[in-house]
Amino acid sequence: MRVVRCCVVGAPIRHSRSPFIHRLFAEQFGLALRYDKREVGPGALAGVVAELIGDGLRGINVTIPLKEEAWALATRRSPRAAAAGAANVLSFEPDAAIEADNTDGLGLVRDLAHHGVTLAGRRVLLLGAGGAARGIVPALLEAGVARLFIANRTPDKAAALAAAFATPGRVKTLALAARCPEPVDLVINSTSAGLTSAAPPPVPAGALGAGTACHDLVYGSGETPFLRWAREQGVKLRIDGLGMLVEQAAAAFARWHGLEPATLPVIEALRRRL
Ligand code: ATR
């Protein structure tokens with residue numbers, strides 16, 4: 001049987017869950033898949049990609065800190081990757097194209113749907129304006145959010161991100177220390193604050209209403225600092241980034257193999273392993 005090869009690249013990569021996730025997807029279809037992980041630091045991606053194409057890989061997942069580098073390296077980009085300016089998937093095509101995609105936003109939207117959170121007509125507050133935020137803003141807008149507030153520690157970066165997706169009236173920036181003009185339906189944490197310390201990111205006052213849900217792109221074995229904060233504020237629906245991780249992987253898997261894996265059993269299996 002022909003073995004299909006894929007890989008995840010980034011740094012640090014040791015703790016990546018992608019090989020586990022893709023292995024469980026492949027088992028659903030009896031697909032012979034070899035999925036490796038490889039430590040690649042900033043500036044080194046082009047050489048590694050050339051090598052992996054030579055080895056016959058179908059594609060790679062790309063994680064921190066290489067998403068912008070992967071985007072720049074691509075010879076073709078999906079519309080959502082083009083909009084995001086960052087890629088988490090590179091596909092090595094038969095016509096020799098290196099095609100960039102960004103499935104992070106789709107992963108978020110699909111995971112929110114699992115939890116009954118719809119986005120059309122909703123008000124959303126996004127914390128952070130880095131690479132992770134860039135990946136999800138196009139999907140939030142495409143899903144039809146009525147209002148998107150972007151709040152970031154460095155206000156200029158929030159302004160640049162909002163300007164990149166200029167949709168008058170829909171996207172507004174906010175200082176972290178400011179007051180949110182209205183309560184929102186959903187607060188999303190895309191900052192790395194909870195990764196690097198136990199302190200949650202500051203959240204603009206007035207953002208939480210009776211039914212506000214909170215989503216953290218971060219996940220771990222325990223409660224994340226942002227979701228702990230949300231619980232302390234009385235937020236009932238709190239969702240971490242594990243489901244989004246599996247959903248973005250499923251979209252990449254479908255792109256490469258033409259197969260739509262079931263994600264809920266994989267989310268459960270991964271949760272048990274954390
Ligand atoms: P990523 O690819 O994970 O988004 P990034 O591009 O380095 O990583 O962006 C990190 C984000 O987390 C930024 O929005 C950053 O704010 P700045 O633009 O001001 O740097 C935000 N961030 C990191 N640590 C933070 C903290 N302690 N409090 C608030 N925001 C923080």
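None of the values given here were measured: they were computed from a predicted structure. All ligand and atom numbering here is 1-based and tracks the order in the structure.
- Looking at Thr191 and Arg153, their side chains never come closer than 4.5 Å, going by heavy atoms from C-beta outward.
- No side-chain heavy atom of Thr263 sits less than 4.5 Å from a side-chain heavy atom of Arg110.
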May I have the list of side-chain donor-acceptor pairs in residues 1-21 shorter than 3.5 Å, sequence neighbours left out?
residue	atom	partner	partner atom	Å
Ser16	OG	Ser18	N	3.2

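- Closer than 4.0 angstrom to ligand 1 lie heavy atoms from Ile64, Gly128, Ala129, Gly130, Gly131, Ala132, Asn152, Arg153, Thr154, Lys157, Thr191, Ser192, Ala193.
- Using a cutoff of 4.0 Å between basic side-chain nitrogens and carboxylate oxygens, Arg228 and Asp216 are not scored as salt-bridged.
- For the pair Glu182 and Lys172, the salt-bridge criterion is not met [side-chain N within less than 4.0 Å of a carboxylate O].
- Arg273 has no carboxylate O lying under 4.0 Å from a charged side-chain N of Glu268, or vice versa, which leaves the two without a salt bridge.
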